[in-house]
Structure formats: structure tokens, C-alpha cells
Amino acid sequence: MSASGTSTWRANILLVVVTAIWGFGFVAQRVGMQHIGAFTFNALRFGIGSLALFAALPLVRRFEPARTPTGRKAILGAGAAAGALLFIASYLQTAGLATTSAGKAGFITGFYVVLVPILGLAWKQRTGAGTWVGGALALAGLYLLSVNEALQISTGDLMVLASAFFWAAHIQLIGYLTRRVDPVVISIGQFVAVTLFSAVAALLFERDTFSQVGAAWGAILFGGLVVVGVAFTLQVIAQREAHPGHAAVIMVSEAMWGVLAGWLLLSEQLSARSLAGCGLMLLGMLISQAAPYVRLDGLRRLAGTD
């Protein structure tokens, strides 16, 4: 195997580890919500994650060198804007996990995969048939997963679904900002912003849960050190050498890791209807993510350039 092939496989393995961490992160959020409020949980985990990233910054910079210095105003604006969307998305997802399963939350959150290119149409970004086919399959799967026979959807599922729209908007915003501001600076800035926003909200609305923080420390530490700190660092290292098509497909597996984590650690089980919905959503997400790269690789082969 060539050196480039070895590097690609190493990057793919790291991305699998990253998505597994994210998937198990749904369990940490669900456990944390049994003891404290969502604002408190997010303030603590993003605060710990921010400190972890500061500590890991020398390692991160080896793989993502600093760009030309940007003005302080631009940095603060980028961090605050990205942090505001991340704050809303994280709150909705975490609060929703108080009343839905980790596995369902993983797949419902994954709906952002088909929402990102659709939202991009507002900025005149092009998309292909794969987006619409994948979106239709994912929507059908979402119906089977979350809408019951009485045509009702639980509050938890609805909150996680709302978070998917904010995750998609956040990704679009990050894509815009990283063309102007160093992406590592934005990432750390947004995590600090979420910490501050969540801390203020916790002081205003969740003071009654502060006494239970000690019972949630395991979940908080995993969510902060591992999900935010370790996973982000590994993602930066991996995506420098990962094939974009491989990365797109691997990232979709976050939802499956969420189901596995919920089953292993919380004994969660999904009905046959819900599993069918998960299958349709997974297929839709794969088509939406992989179609552009499959088409590009096919054209390269036909042209004899790959």
C-alpha cells in the first residue's frame, strides 16, 4: 500500500473513532439530563471542552497551521455568531434527550445531513438529484421513526428535530466564516461563547439543579474532555488526509453509534417500525452525502485521470 493510501486509511480510522465518540456522546447527554438542566450541562461540558482544546492547541496547530492574523473584531464576531447557533442547537438536542432515546436522537440529529445542501440553496449553492432523493428517503424514515399511529410526535423528538435545523444552519455559517477567519480560532471561540451563553441561562433558569452537578460529573467530563476536546482534535488531524467522499460517508455513521451506545449502556431498544425508519434515514443520508463524490469519481475514471 502506498504512503498516501496508508495515510487515507489512518484518517478513515480516526474519523470512525470521532463518530463513535459523538455517538456515545448522546448517552452522556441523556445521563446528564437525569440530574441537571440542559443549560447547566452544556455550560460545564463546553467549558471543560474549551480548556481541553486550549491545552491541545500545539498539537492541533501541527495539522492546521495558523492563517494570516485576523482582526480581533472579526474573531469575536465569528465566535459569537457561530456560538449563538451552536448554543441553540446544543440546548434543543440536550433538552430533547431528557425524553427521547440516545438512538433516536442520533438519527433525528443526523437529518441535518440532508438539510445542509437544501439550506444552501438560499445562498445559490448548487445541489444535485442525490440531495432530493436522499432527503425524501430520510423524511420517510423520520416519519416511521418519530410519528406514531396517532400522527403524534413526542416533545423530545420534536426538540431534537428542531436542533437539526440549527445544526445545518451552523454548518453553513461555519463554511462561510472559515473562508475569512482561522477555523481553529472560530472553533475555540464558539465553544467559549456557548459556555458563556449557557452559564447565563443556567443562572437564570436552572439554579435549582446546581446541587445535582456532582451526580452528573461522569457525563459532563465525557461530554467535555472526550466529545469536545478529543474528538475535535482527532477530526482536525484526520480531515487533513481524509478523502472527502470517505469522510462524508463515515460521518453519517454517528447515528448508528448512537443506537449502539444506547443499547449497550442504557438498554434502549427500538421497535421494528423505528428500525425501519432508521434504515431509510441512513440510506437517505448516505445518498445525500456520497452522491456528489461518486459522480465526481465516475467522471474521473471515464476521463482516465484517476
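Predicted model only: the values in this text are computed from it and were never measured.
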Visitor: In the structure I gave you, are the side-chain heavy atoms of L139 and F111 within less than 4.5 Å of one another anywhere?
Guide: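 L139 vs F111: side chains touch.
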Visitor: Please table the atom pairs, donor to acceptor, closer than 3.5 Å between any side-chain atom in residues 31-38 and protein atoms at least two apart or in another chain.
Guide:
none

Visitor: Is it the case that the side chain of Q172 and the backbone of V116 share a donor-acceptor pair, with hydrogens and angles ignored and the cut-off at 3.5 Å?
Guide: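 Indeed, once roles are kept as given, a pair shorter than 3.5 Å links the two residues.
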Visitor: What I'd like to find out is whether the side chain of S101 reaches to under 4.5 Å of the side chain of L270, using heavy atoms alone.
Guide: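 Yes; the side chains approach each other to less than 4.5 Å.
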Visitor: How close do G141 and L280 get, heavy atom to heavy atom, and via which atoms?
Guide: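 Distance-wise, the nearest heavy atoms are CA-CB, 3.6 Å.
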Visitor: Under a 4.5 Å side-chain heavy-atom rule over Ile, Leu, Val, Met, Phe, Trp and Tyr, are V160 and W263 clustered together?
Guide: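 Looking at the clustering, W263 is in the same group as V160.
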Visitor: So how far is it from R273 CZ to N148 CG, rounded to the nearest 0.5 Å?
Guide: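 Those atoms lie 7.5 Å apart.
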Visitor: Decide yes or no for Y143 and I153: does some side-chain heavy atom of the first lie under 4.5 Å from some side-chain heavy atom of the second?
Guide: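 They are not in contact (no side-chain heavy atoms under 4.5 Å apart), so the answer is no.
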Visitor: Indicate yes or no: at least one non-hydrogen side-chain atom of Q93 is less than 4.5 angstrom from one of F166.
Guide: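 Contact flag for Q93/F166 side chains = no.
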Visitor: Decide yes or no for T40 and Q212: does some side-chain heavy atom of the first lie under 4.5 Å from some side-chain heavy atom of the second?
Guide: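 A side-chain contact is absent here, since even the closest heavy-atom pair is not under 4.5 Å.
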Visitor: Nearest 0.5 angstrom please: T99 OG1 to K104 NZ, how far?
Guide: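 Spacing of OG1 (T99) from NZ (K104) equals 9.5 Å.
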Visitor: What distance separates L85 CG from S163 OG, expressed to the nearest 0.5 Å?
Guide: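 Interatomic distance, L85 CG to S163 OG, rounded to 0.5 Å: 12.0 Å.
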Visitor: Indicate yes or no for a side-chain donor-acceptor contact from S288 to the backbone of M285 under 3.5 Å, with no hydrogens or angles considered.
Guide: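 Absent.
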Visitor: Would you confirm whether R179, through its side chain, and G175, through its main-chain N or O, come within 3.5 Å as a donor-acceptor pair?
Guide: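 Pair found, side chain donor or acceptor close to backbone of G175.
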Visitor: Where do G262 and V27 come nearest, in terms of heavy atoms and distance?
Guide: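 Where G262 meets V27 most closely, the heavy atoms are N-CG2, 3.7 Å.
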Visitor: From E268 CD over to R30 CZ, what is the distance, rounded to the nearest 0.5 angstrom?
Guide: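 Here the interatomic distance stands at 5.5 Å.
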Visitor: Flag yes if W132 and I287 sit in one hydrophobic cluster, no otherwise; membership is Ile, Leu, Val, Met, Phe, Trp, Tyr, and two members link when side-chain heavy atoms are under 4.5 Å apart.
Guide: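 No, because W132 and I287 fall into different hydrophobic clusters, even though each may have its own neighbours under 4.5 Å.
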Visitor: What about F54 and I75, same hydrophobic cluster or not, with Ile/Leu/Val/Met/Phe/Trp/Tyr joined at side-chain heavy-atom distances under 4.5 Å?
Guide: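 Same cluster.
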Visitor: With a 4.5 Å limit on heavy-atom distance, are the side chains of S146 and L161 in contact?
Guide: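 Sidechains of L161 and S146: no contact.
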Visitor: Would you name the heavy atoms of L144 and G277 that are closest together and state the gap between them?
Guide: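 Looking at all heavy atoms of both residues, the closest pair is CB-CA, 3.7 Å.
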Visitor: When rounded to the nearest 0.5 angstrom, what distance separates CD in Q29 from OG1 in T94?
Guide: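 If we round to the nearest 0.5 Å, Q29:CD and T94:OG1 are 4.0 Å apart.
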Visitor: Take atom CZ in R61; do more than 12 heavy atoms of anything else shown fall under 6.0 Å from it?
Guide: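 Yes, the 6.0 Å shell around CZ holds more than 12 heavy atoms from other groups.
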Visitor: Taking the side chain as everything from C-beta on, heavy atoms only, tell me whether F87 gets closer than 4.5 Å to F39.
Guide: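 When only atoms from C-beta onward are counted, F39 and F87 do touch, with a gap below 4.5 Å.
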Visitor: Is the cationic atom of R180 (NZ for Lys, CZ for Arg) positioned less than 6.0 Å from the six-membered ring centroid of Y176 and within 45 degrees of its normal?
Guide: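 Geometry flag: set, cation within 6.0 Å and 45°.
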Visitor: Do other residues, nucleotides or ligands put more than 12 heavy atoms under 6.0 Å from W167 CH2?
Guide: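 Above 12, so yes.
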Visitor: Return the minimal non-hydrogen interatomic distance between M281 and F107, and the atom names on each side.
Guide: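 Closest approach of M281 to F107: CE-O, 3.2 Å.
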Visitor: Give a yes or no on whether L173 and V113 share a hydrophobic cluster (residues Ile, Leu, Val, Met, Phe, Trp, Tyr; joining criterion: side-chain heavy atoms under 4.5 Å apart).
Guide: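 Linked within one cluster.
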Visitor: Which heavy atom of L177 sits nearest a heavy atom of A78, and at what distance?
Guide: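 Scanning both residues completely, I find the closest heavy atoms to be CD1-O, 3.7 Å.
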Visitor: As a quick check of understanding, evaluate side chain to side chain contact (heavy atoms under 4.5 Å, CB included) for V114 and T131, giving each step before the final call.
Guide: CA-CA 6 Å; V114 298; T131 295; 5.8 Å; no
Visitor: Please tabulate, for side-chain N and O atoms in residues 193-202, each donor-acceptor pair with protein atoms closer than 3.5 Å (sequence neighbours left out).
Guide:
from, atom 1, to, atom 2, distance (Å)
T195, OG1, F46, O, 3.3
T195, OG1, G47, N, 3.0
T195, OG1, F191, O, 2.9
S198, OG, V194, O, 2.8

Visitor: Please give me the minimum heavy-atom distance between L137 and G284, naming the atom from each residue.
Guide: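 Shortest heavy-atom separation between L137 and G284 comes out as CB-CA, 3.9 Å.
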Visitor: Is there a donor-acceptor pair under 3.5 Å between the side chain of S253 and the backbone N or O of M256?
Guide: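 No, the answer is negative, given that no donor and acceptor are paired below the 3.5 Å cut-off.
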Visitor: Treat each ILVMFWY residue as a node, draw an edge where side-chain heavy atoms are under 4.5 Å apart, and state whether L59 and I13 are in one component.
Guide: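 Result: no, two separate clusters.
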Visitor: Is there side-chain contact between F165 and I88, with at least one heavy-atom pair below 4.5 Å?
Guide: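 The answer is no, as the side chains (C-beta and beyond) never meet within the 4.5 Å cut-off.
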Visitor: Got a list of side-chain donor-acceptor pairs under 3.5 Å for residues 214-238, not counting sequence neighbours?
Guide:
from, atom 1, to, atom 2, distance (Å)
T233, OG1, G229, O, 2.8

Visitor: Nearest 0.5 Å please: distance from the CG atom of L86 over to the CD1 atom of I174.
Guide: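 Reported to 0.5 Å precision, the distance equals 8.0 Å.
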